[in-house]
2 protein chains.
Amino acid sequence: MERMNLGKLSSAVDAAAGHSPVYETVVNFTRELGTTVTLARWERADCCDSMVESGGIGWVLSGTVRKSVILESGQRRIVDLMMRGDFFSLQGDDPRAFSFEVSTDEAVTARIAHRDLISMPILQPELYRFVHERTCETISRLENHILVQGRTRSAQKIASYLSLLCARLSEEQGAAVELPMSRYDIADHVGLAVETVSRAITDLRRRGLIELETPRSMAICQAQKLLADLT
Amino acid sequence: MERMNLGKLSSAVDAAAGHSPVYETVVNFTRELGTTVTLARWERADCCDSMVESGGIGWVLSGTVRKSVILESGQRRIVDLMMRGDFFSLQGDDPRAFSFEVSTDEAVTARIAHRDLISMPILQPELYRFVHERTCETISRLENHILVQGRTRSAQKIASYLSLLCARLSEEQGAAVELPMSRYDIADHVGLAVETVSRAITDLRRRGLIELETPRSMAICQAQKLLADLT
DNA sequence: CGCCAGTTTGACAGCCATCAATGGGGGTGG
DNA sequence: CCACCCCCATTGATGGCTGTCAAACTGGCG
């Protein structure tokens, strides 16, 4: 892990190719925070658990971070996947003992410690409002994932999951996207076995609904059919 | 739906038997809001969609409200279950078109409209902080449900779901609780068929892990075994 | 009494988790 | 440079679990 200051933020932001309007507001928000914010640069497979200690709230400026937990059975479950612009809550006293890991080559995160969050509504009401807005967005993200996991058939789960993922990764329809996670990660995220994930993806490819340049590079060919077809 | 004022709040709160410390803070929060808050009393099967129009944030003071959506296939999915003290976000422009329904004989809800939420950090910073705190609690609730849904076996899903539900409904271990939803609701919430839910519950009962006075009244006998036993 | 919604149980086909094996790609060390 | 290893992805075979269809049972209500 490497500490960063706001001056170095630009290079990190430039690395996050294909900016979106929402992402711009997150970057501006980060700059306006001044010394209240703590930036950090991480590398692949880094464990970001140290972020949690101070409590408060965190977000991703570039790269992908996953929030996971190991069950008593030894199984890993990925609860959430945070990409550039996504916020997540940091609760040090959480008995569920989540851990955070970087799944891309590099990731830049930001956070506000709990003690600073406390004084924000008085000192920076405008910015605190933004925090609330993004926190509600986090709720939407989790609700969407509950809908994905609620699907009964594996093909449905994978189809709706990939649709959602591509929509978050790229604004343009049908463009090839680099999947930020392995088949194992997808399996642990949607609640399926790796083999079932692989089979479902192969099935979608054979039916011409998606295309795979490499196992990690995917393009959705028929977006609406991908979701509708699978009763 | 019947509008309420803060004066009538006491009777509604008294109806929510077995107060918890957290719930008390929510009630106090509601009182302190004064005219900013909008209270409403609902009856069984009422649709609370009118709450969403003004945006902002809502919470439950008594009873149970479920947040659901009908998929293209006609299936219903219950995304979240809100009980006394639970907050939820209201987004009128949400394309996912969630609807809210009361699943108990009676329910009392409160809400703050978006326009009032906007001015809160300046006018009532202390209370706005509380909103943020409860919103983070909502995130925890959804994360927990993602963990439940992620279980692969039906018995695991039901066991962990019932454990979670009972923990939210009653502070005392092993006490009988009135389930706030039908088997159909449970099925649509955890992503199983009704028959599978029924079989899983019967199975847990036969093994002596839970007891059923009536189909709706349940007591957990061996809490830790209920979760650990099922690899 | 009859109706209805909710719950439970049975039978069975189909899907998925598991075990097993193969192939590919990137890294390291000889 | 090549061999080797490890991780990832894919495919096959199989048993068990779950969704589906069907039927019986319960309690409440008019």
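Numbered from 1 within each chain, the chains take letters A, B, ... in sequence-line order.
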Atom CD1 of A/Ile201 and atom C1' of C/dC16: how far apart are they, to the nearest Å?
16 Å
When we call it a touch if two heavy atoms are under 4.0 Å apart, what does A/Leu192 touch: a base, just sugar-phosphate, or nothing?
sugar-phosphate
Rounded to whole Å, please give me the gap between CZ in B/Arg216 and P in C/dA5.
15 Å
Within the pair A/Thr202 and D/dT11, is there a side-chain N or O less than 4.0 Å away from OP1 or OP2?
yes
Nearest-nucleotide pick for A/Arg183, side chain only, options being D/dA9, D/dT11, C/dT9:
D/dA9
If only side-chain N and O atoms of A/Thr196 are considered, is one of them under 4.0 Å from the OP1 or OP2 phosphate oxygen of C/dA17?
yes
When you compare the side chains of B/Ser68 and B/Glu101, does any donor N or O come within less than 3.5 Å of an acceptor on the partner?
yes
Rounding to a whole Å, what distance do you find between B/Lys157:NZ and C/dC16:P?
12 Å
Counting any heavy atom closer than 4.0 Å, what does A/Ser154 reach on the DNA or RNA strands: base, sugar-phosphate only, or nothing?
sugar-phosphate
Describe the nucleic acid contact of A/Arg44 in one word from base, sugar-phosphate, nothing, applying a heavy-atom distance below 4.0 Å.
nothing
So, under a plain 3.5 Å distance rule, would you say the side chain of A/Glu195 forms a donor-acceptor pair with the base of C/dC19?
yes
Are any of A/Thr152's side-chain N or O atoms less than 4.0 Å away from OP1 or OP2 of D/dG19?
no
Does C/dT18 have OP1 or OP2 sitting under 4.0 Å from an N or O in the side chain of A/Arg199?
no
Below 4.0 angstrom from OP1 or OP2 of D/dC17, is there any side-chain N or O of B/Arg153?
no
Could you tell me if the side chain of A/Leu81 sits less than 4.5 Å from the side chain of A/Val65, heavy atoms only?
no
D/dG27 P sits how many Å from B/Leu212 CG, rounded?
14 Å
Is A/Lys67 positioned over the aromatic face of A/Phe98, cation under 6.0 angstrom from the ring centre and no more than 45 degrees off axis?
yes
Taking C/dT8, D/dA9, D/dT11 as options, the one with an atom nearest any side-chain atom of A/Ser182 is D/dA9
N/O (side chain, B/Arg151) to phosphate O (OP1/OP2, D/dC17) under 4.0 Å
no
Using side chain to side chain donor-acceptor pair (under 3.5 Å) as the criterion, point out the one residue from B/Arg76, B/Arg66, B/Arg77 that pairs with B/Asp188.
B/Arg76
Rounded distance (Å) that lies between atom P of D/dA9 and atom CD of A/Glu213:
16 Å
If every non-hydrogen atom of A/Met83 is compared with every non-hydrogen atom of A/Pro180, which pair is closest and at what distance?
SD-CG, 4.3 Å
